[in-house]
Amino acid sequence: MKITSADVIITSPGRNFVSLRVETEDGVVGWGDATLNGRELAVASYLRDHLDSVLVGRDASAIEDTWQYLYRGGYWRRGPVTMAAIAAVDVALWDIKAKYAQMPLYQLLGGASRTGLLAYGHASGADLPQLFESIDRHLDAGYRAVRIQTGVPGLGQIYGVAATGNGQRYDYEPARAAARPAEEQWDTRAYLRHVPTVFEAVRAKYGPELPLLHDGHHRMTPIQAAQLGKSLEPYDLFWLEDCTPAENPTSLRLVRQHTTTPLALGETFNTIWDYQTLISEQLIDYVRSAVTHTGGITAMRKLLDFAAMHQIKSGMHGPTDISPIGMAAALHLGLAIHNFGIQEYMRHSAQTLEVFQTSYRFEGGLLHPGDRPGLGVEMDVEAAAAFPYRGAYLPVNRLALDATVHDW
Ligand code: EZ4
Ligand code: CO
């Protein structure tokens, strides 16, 4: 089962994706996702210039050995670029192994632990009427859980609110195609005053049952995060995400001491080591890492098993900057593990789905990876070539008061 080629494909059907195509001597093809929003070409170079030639000639079936070879053999460990590159290789090899076995990947991971994966979508609006319209559209589309983000009075465009306003977009994409990042304005005190009023209005209109989520997007200090967690307790959130950056994980102890609002964290993390304190001290409730950014299925499985020991569940990152290949990998893993929590699912654009042919499905609010051998996603390389790469950047945040750079 020797690897005969490993090629990077960059395409931009509405937004940028980096994919890895690995082929074996028998002509079996596996796909991996290496998309790192706003830093795509760094991962593409890591793969093209440093991994592709190393992979040729290796045994495609030796997944754990290849993972350790790339992780330890590279000497320079961890980091989003390295771990996204390793993830792409790992997922492509799992795709190949499952295709050889003629099984959907979740079967190799232990088989289905549930009938489908509860998914949440991104409802947003600049104000309450637009938010309600967006929630209604998500409910009409079958969602049984929604993330709630709104504008804050006095601030312009902020994180999480679909830029086109009037709620017409479902695939909120913060990265903008331009030579340099756009800048947004921020005011944490205004935000902390406003958010509880939004959740009060949403609960009043939609009742107690609907699971509601919210993303703080790393903007609060620990004591501000504690305040928000407390003020949201009456509205029974499914989770409050990235309340604080958590580069210093022990800062979450303070948040935990003050609030019972469940906490989700880790979409920017890339190894199990980043979670050592957060998980062993039970400082979070959901792991936000993506298969795509955390070393692939091999590494995510270990991370989620570690989380399971502490009654912490999965909440894998699933914005549209995770490609359909990365999404399928998350779905196979989520179906197989016991401690699945929820899956973020925004749905890719029609253009993206022309390039990536998927077989996963969304029915009754639940996702299922489908039963094709492997991941169940194939990439149309010719279609991909029609959408050349366009540089795009995530925004930079500045305080409204004095333009100090703030966490975005
Ligand atoms: O900002 O994926 O929970 N989801 C998020 C995302 C991230 C983007 C960054 O590329 O926080 O919207
Ligand atoms: Co987030």
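Positions are given from 1, in the same order as the sequence printed here. The structure presented is a predicted model; accordingly, all values stated were derived computationally and were not measured. Numbering of ligands and ligand atoms starts at 1, following listing order.
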Trainee: Passes salt bridge (charged side-chain N to carboxylate O under 4.0 Å, His left out), Arg21 versus Asp95? Steps please.
Mentor: CA-CA 10 Å; Arg21 180 187 188 278; Asp95 190 17; over 6 Å; no

Trainee: Look at the rings of His310 and Phe306 and say which category their plane angle falls in: under 30° parallel, 30 to 60° tilted, over 60° perpendicular.
Mentor: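 The rings of His310 and Phe306 stand perpendicular, inter-plane angle above 60°.
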
Trainee: Please check if the side chain of Arg114 supplies one atom and the backbone of His338 the other of a donor-acceptor pair under 3.5 Å.
Mentor: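 Such a contact is found between Arg114 side chain and His338 backbone.
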
Trainee: What's the spacing between His50 NE2 and Thr82 OG1 if we round to 0.5 Å?
Mentor: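 One gets 9.5 Å once the value is rounded to the nearest 0.5 Å.
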
Trainee: In total, how many protein N/O/S atoms does one find closer than 2.8 Å to the Co ion (ligand 2)?
Mentor: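 Protein N, O or S neighbours of the Co ion (ligand 2) under 2.8 Å, waters not counted, come to 3.
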
Trainee: Specify the closest pair of heavy atoms between Pro245 and Asp407, including all atoms of both residues, with the distance to one decimal.
Mentor: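 Answer, listing the atom of Pro245 first, then Asp407: CG-OD2, 3.8 Å.
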
Trainee: Taking only heavy atoms of the protein into account, state which residues are under 4.0 angstrom from an atom of ligand 1, in chain and number order.
Mentor: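 Under the 4.0 Å cut-off, ligand 1 touches Asn37, Arg147, Tyr159, Asp215, His217, Glu241, Glu267, Arg288, His317, Pro319, Asp321, Glu344, Leu394, Trp408.
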
Trainee: Show your reasoning for whether salt bridge (charged side-chain N to carboxylate O under 4.0 Å, His left out) applies to Glu64 and Lys97.
Mentor: CA-CA 12 Å; Glu64 179 73 28; Lys97 190 181 279 292; over 6 Å; no

Trainee: Should Phe356 and Phe17 be marked as a ring pair (Phe, Tyr, Trp, His ring centres under 6.0 Å) after you check the CA-CA gap, both sets of side-chain angles, and the distance that decides it?
Mentor: CA-CA 10 Å; Phe356 297 90; Phe17 296 108; 5.3 Å; yes

Trainee: Is the side chain of Gln311 donor-acceptor paired with the backbone N or O of Ala308 at a distance under 3.5 Å, no angle test?
Mentor: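 No: the side chain of Gln311 does not pair with the backbone of Ala308.
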
Trainee: Cut-off 3.5 Å, side chains only: do His122 and Glu344 have a donor facing an acceptor?
Mentor: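 Yes - a donor-acceptor pair under 3.5 Å links their side chains.
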
